[in-house]
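Taking it in order: structure first as structure tokens, then the write-up.
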Amino acid sequence: MSGADYLLYEFPCNEKIRTYLRLEALFRRYDWFCNQSDPIPHQAAISALFDLLDATARSDLRNELIQTLDKQRQHIVTAGSGSENRIQEIEKVTAHVASSVGKTGQSVRANQWLQLIRTRQTIVGGTCEFDLPQLHRWLNIPAEERRSELIAYGETLSPIRHGVTLLLDLLREHSVEKSLVAEKGIYQYSTRDFQNCALARIRLPIDCPYIPEVSANKYMIWIRFSKPDEEHKLHPIRHTDIPFDLELCTLY
């Protein structure tokens, strides 16, 4: 199937990958809001920035990224399975993350104007122009000025962004794909041969009405399909066999 023919669902198999996928989604959302020209998405970009600051605030995130990236580099070197360019890329990104410890996002967290906006957001409708006239003025300066400022805020998180992006690229590159059938909407897959399985990717035809749900541990992946009704309530599939493609991705 071509990319336009299917819908891809990704399900993490551990908490580390769950965190990285959430960060990836938040960075994409931030980029989209920043790339618009209207004041409304630019205000939404500030909210997305706060989400990113919260998501990257965990003290051990950077060390975890460094350790995982270095493990991937060691595996590639030992296995002789990667190009020198890829190894150099991992080393460069690892050094970038390591040099940022204690610095990432600090200037944004210390920005009093942004923190005032964040405080007012806890009140429903609390960022109206009469509440924050300074924000109102900022939203009415030229769009390019707002965008440049937003991009600068996001750049403070670039070490984390580059580390997460590279790790997820490496993860998606190390994959095995199978065409399977979920009998009566259920499939169980043993991961004994994929002990480092970190991500399950399910592809379904774009017009398929069924929704996959996945549970996983180090030994097994359970896949269950449901179908939403007109009110979007999910109902388990009990009498239909559903063909799908399963791609298992591993990290070392």
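Treat the numbers as computed from the prediction; the structure is a model and nothing was measured.
The two residues Cys197 and Cys13 have their closest heavy-atom pair at O-CB, 3.7 Å. Looking at every heavy atom in both residues, Thr156 comes nearest to Ser107 through CG2-OG, 3.5 Å. Summarising the geometry of Asn14 relative to Ala198, their closest heavy-atom pair is ND2-CB, 3.9 Å, with the distance given to 0.1 Å. Heavy atoms only, all atoms of each residue included: Ala55 and Leu23 are closest at CB-CD2, 3.6 Å.
Between Leu53 and Leu157, the closest side-chain pair of non-hydrogen atoms falls below 4.5 Å. Residues Leu246 and Leu248 have side chains in contact (heavy-atom distance under 4.5 Å, counting atoms from C-beta outward). Counting heavy atoms from C-beta outward, Leu171 and Tyr20 have side chains that stay 4.5 Å or more apart. For the pair Ser37/His42, no side-chain contact is recorded, criterion being any heavy-atom separation below 4.5 Å from C-beta on. Within the 4.5 Å cutoff, side-chain heavy atoms of Leu135 are placed close to those of Ile46. The side-chain heavy atoms of Ile160 and Leu65, taken from C-beta on, include a pair separated by under 4.5 Å. Residues Tyr189 and Leu180 form a side-chain contact, since some pair of their non-hydrogen atoms from C-beta on lies under 4.5 Å apart. Inter-residue side-chain proximity for Thr56 and Leu26 is flagged as unmet; no heavy-atom pair is nearer than 4.5 Å.
A perpendicular orientation is assigned to the rings of Tyr252 and His174, their planes being inclined by more than 60° (bins at 30° and 60°).
For the residue pair Asn111 / Gln115, no side-chain donor-acceptor distance below 3.5 Å is found, with atom types taken as modelled. Using modelled atom types, one finds no donor on one side chain facing an acceptor on the other under 3.5 Å when comparing Tyr9 with Glu213. With 3.5 Å as the limit, one finds a donor-acceptor pair spanning the side chains of Ser215 and Arg224. Donor-acceptor pairing under 3.5 Å is recorded for the side chains of Glu149 and Trp138.
Under the 4.5 Å side-chain heavy-atom criterion for ILVMFWY residues, no single connected hydrophobic cluster contains both Leu199 and Met220. By the rule that hydrophobic residues join a cluster once side-chain heavy atoms approach within less than 4.5 Å of another member, Tyr153 and Leu52 end up as members of one cluster. Under a hydrophobic-cluster definition in which Ile, Leu, Val, Met, Phe, Trp and Tyr are linked whenever side-chain heavy atoms come within less than 4.5 Å, directly or via other members, Ile151 and Phe33 are assigned to different clusters. Tracing side-chain contacts under 4.5 Å through hydrophobic residues (I, L, V, M, F, W, Y), one never reaches Tyr210 starting from Trp222; they form parts of separate clusters.
Between the OH atom in Tyr219 and the OG1 atom in Thr191 there is a gap of 9.0 Å [rounded to 0.5 Å]. Going from atom CZ of Phe11 over to atom CD1 of Ile202 covers 5.0 Å, rounded to the nearest 0.5 Å.
Take Phe225 and apply the ring-ring contact (aromatic ring centres under 6.0 Å, His included) test, not counting sequence neighbours, and it matches Phe244.
Shown here is Ile123, whose CD1 atom has more than 12 heavy atoms of other residues, nucleotides or ligands within 6.0 Å. More than 12 heavy atoms of other shown residues, nucleotides or ligands fall within 6.0 angstrom of atom CZ in Arg147. Enclosure of atom CZ in Arg238 is not indicated, since only 12 or fewer non-hydrogen atoms of other residues, nucleotides or ligands lie within 6.0 angstrom.
A salt bridge is absent between Glu247 and Lys178: the closest approach of a Lys/Arg side-chain nitrogen to an acidic carboxylate oxygen does not fall below 4.0 angstrom. With respect to Arg172 and Glu10, a salt bridge is recorded, a charged nitrogen being found less than 4.0 Å from a carboxylate O. Between Arg73 and Glu84, no side-chain nitrogen of the basic residue sits less than 4.0 Å from a carboxylate oxygen of the acidic one, so the salt-bridge criterion is not met. By the 4.0 Å N-to-carboxylate-O rule, Lys92 lies too far from Glu89 to be salt-bridged with it. A salt bridge is defined here as a Lys NZ or Arg NE, NH1 or NH2 lying under 4.0 Å from an Asp or Glu carboxylate O, and Asp54 with Arg118 meets this definition.
Applying the salt bridge (charged side-chain N to carboxylate O under 4.0 Å, His left out) definition to pairs two or more places apart or across chains, none involves residues 225-234.
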Result block: side-chain N/O donor-acceptor pairs under 3.5 angstrom for residues 124-134, not counting sequence neighbours:
{"residue": "Thr127", "atom": "OG1", "partner": "Gln43", "partner atom": "NE2", "Å": "3.0"}
{"residue": "Asp131", "atom": "OD1", "partner": "Arg120", "partner atom": "NH2", "Å": "2.8"}

Determine, stepwise, if the pair Ser47 / Gln121 fulfils side chain to side chain donor-acceptor pair (under 3.5 Å). CA-CA 9 Å; Ser47 296; Gln121 282 188 348; 2.7 Å; yes
